[in-house]
Amino acid sequence: MKRRRLLLLIPLLLFLAILVASLYGRRSREYASDQFLMDTLISIKVYGRDPKVLKSAVSAAYAEMHRIAELVDGFPQPGTAAYNSSDVCRINRQAGLQPVRVDPDVIAMLLLAKKYNELSDGAFDVTVGPLMDLWGFGGDSPHIPPPEQIRSALALIGSRDLLLDSRQQTAFLRRRGMKLDLGAIAKGYATEKALQTLKKYGIRKALIDAGGNIRVLGRNQHDTSWSIGIRDPRKPDGIVAILPLEDAAAVTSGDYYRYFEAGGVRYHHILDPRSGYPATGNMTVTAIAADAGLADVFSTLFFVLPPHKAMEAAARLGGVDIFLVTANRRILHTPSLKGRIEILSGGGYHYEQGR
Ligand code: ADP
Ligand code: MG
């Protein structure tokens, strides 16, 4: 009797085992990988069923990011392969001399940069290179430059003298001494290219975090919005707000990331190309847009503008939401974030829109 029951149980157990195995096989898995690139730790997480596809998608996405990083690298050693493969270096070396043929992605970034230079009345300017060099934020010893040097650097800035020919695929800095710096756009642009690469592999859920440049694809593994924490600009491990995000990018520019202090004043790496000094209106600005390249441009652009102008410009430009903490500790955001963004109390900031 007992034996008969046992014999009946075997096929049932077998069936269950097969069922579990097949469900497990089709279950969505996570694959995550980190790499140090463009001066930051990049992390890519993807979700899907086939581990092999996940892995190849992520490695293709990183390859794309490496390719963009090389094209825009501003500081490779002369004589190295990196020196010759950097389009930005080549354009800078030929400033005042001749146009340079560059990669279509470099043209795309420069076109975007020029467009938003005009739309921001010069607040966003990728020809800020000579001024960045002067302040030394790219190196180990940033310092306040003498005013006369700031004046001469300012004379070399102006995207009007960045000439682009999309048909010939060339870029030209019209005056000798001019210098491109794509620090405000390259990471976001590369992040977007990486995400588009993941999509080509059939990936439908992913998160790329490129040092504060977040781009998500679809919804998260629980099929709800991703939650993005916005860093408190004055508390290293604190968060001021939680932002829900789906199929979009959220990019933050802050004064807490690269800075030095002198005489009780904080000097950071986002410069106002009109004054020659670090922008003073905001501590942190997050821009939310469909495309990570655009969001990167926006985060820097709105950071440079005084808060009320930033709010105005965001409404006028459209296609973007912004969240900001102003220098006088006020929290502001575009109206459509209301009810979606969660503001955490305790940071000592004033938030009036919530009332
Ligand atoms: P992060 O690089 O810290 O993520 P951003 O995207 O705001 O922050 O980029 C800041 C970088 O952009 C600077 O390091 C510099 O290379 C460049 N930059 C600084 N000021 C400007 C500006 N006004 N317009 C365009 N680029 C700028
Ligand atoms: Mg930026």
Quiz item: Can you list every salt bridge (Lys or Arg N to Asp or Glu O under 4.0 Å) pair that touches residues 202-220, not counting sequence neighbours?
Solution: Glu192-Arg215, Lys205-Asp223, Arg219-Glu246
Quiz item: Is Glu312 salt-bridged to Lys309, cutoff N-O under 4.0 Å?
Solution: no
Practice problem: May I ask you to decide if Arg101's main-chain N or O and Arg90's side chain share a donor-acceptor pair within less than 3.5 Å? | Solution: yes
Exercise. State plainly whether the residues Arg160 and Glu118 are in salt-bridge range, i.e. N to O under 4.0 Å.
Key: no
Quiz prompt | Nearest heavy atoms of Leu305 and Ser120, plus distance in Å | solution = CD2-O, 4.4 Å
Quiz item: Which pairs pass salt bridge (Lys or Arg N to Asp or Glu O under 4.0 Å) with one or both residues in residues 263-287, sequence neighbours excluded?
Solution: Asp255-Arg266, Asp272-Arg274
Quiz item: When clusters are formed from ILVMFWY side-chain contacts under 4.5 Å, directly or step by step, what else is grouped with Met132?
Solution: Val128, Leu131, Leu134, Trp135, Phe137, Ile144, Ile150, Leu154, Ile157, Phe260, Val265, Tyr267, Leu271, Tyr277
Exercise. Verify the neighbour count for atom CG of Asp39: are there more than 12 heavy atoms of other residues, nucleotides or ligands below 6.0 Å?
Key: no
Practice problem: Apply salt bridge (charged side-chain N to carboxylate O under 4.0 Å, His left out) to Arg175 and list each qualifying residue two or more places apart in sequence or on a separate chain. | Solution: Asp161
Quiz prompt | Side chain to side chain, Ser56 and Tyr201, heavy atoms closer than 4.5 Å | solution = yes
Quiz prompt | Residues Lys179 and Asp133 bridged, charged N to O under 4.0 Å | solution = yes
Self-check item: Lys338 side-chain N/O to Gln353 backbone N/O, donor-acceptor pair under 3.5 Å
Solution: yes
Quiz item: So Tyr83 and Arg93, side chain to side chain donor-acceptor pair (under 3.5 Å) or not? Walk me through it.
Solution: CA-CA 11 Å; Tyr83 190 68; Arg93 258 180 291 157; 3.2 Å; yes
Quiz item: Do any N or O atoms from the side chain of His269 and from the backbone of Gly136 form a donor-acceptor pair under 3.5 angstrom?
Solution: no
Quiz item: Where the side chain of Asp247 meets the backbone of Gly218, is there a donor-acceptor pair that is under 3.5 Å apart?
Solution: yes
Quiz item: Would Leu324 and Thr286 count as a side chain to side chain contact (heavy atoms under 4.5 Å, CB included) if you check the C-alpha gap in whole Å, the side-chain angles of each, and the deciding distance to 0.1 Å?
Solution: CA-CA 6 Å; Leu324 44 94; Thr286 300; over 6 Å; no
Quiz item: Is the NZ or CZ atom of Arg67 positioned over Tyr62's six-membered ring, under 6.0 angstrom from the centre and within 45° of the axis?
Solution: no
Quiz item: Is there a side-chain contact between Val106 and Ile91, using heavy atoms and a 4.5 Å cut-off?
Solution: yes
Self-check item: Backbone of Gln169 reached by a side-chain donor or acceptor of Asp165 within 3.5 Å
Solution: no
Exercise. Might you point out which heavy atoms bring Ser299 and Val251 nearest each other, and give the distance in Å?
Key: CB-O, 3.3 Å
Quiz item: Would you say Thr127's side chain and Leu180's backbone share a donor-acceptor pair under 3.5 angstrom?
Solution: no
Quiz item: Between Asp321 and Ser336, which heavy-atom pair has the shortest distance, and what is it?
Solution: OD1-OG, 2.8 Å
Practice problem: Measure across Ile185 and Phe124 and return the closest heavy-atom pair with its distance rounded to 0.1 Å. | Solution: CB-CZ, 4.5 Å
Exercise. Could you list the residues that satisfy ring pair (Phe, Tyr, Trp, His ring centres under 6.0 Å) with Phe298, not counting sequence neighbours?
Key: Tyr116, Phe302
Practice problem: Sort and list the pairs that fulfil side-chain hydrogen bond (donor to acceptor under 3.5 Å, both in side chains) and have at least one residue in residues 150-159, not counting sequence neighbours. | Solution: Asp125-Ser159
Quiz item: Got Tyr257 and Thr252 here, is their nearest side-chain heavy-atom distance under 4.5 Å?
Solution: no
Self-check item: Backbone N/O of Ala327 and side chain of Asn282: donor-acceptor pair under 3.5 Å
Solution: no
Quiz item: So, His222 versus Tyr47, ring centres under 6.0 angstrom or not?
Solution: no
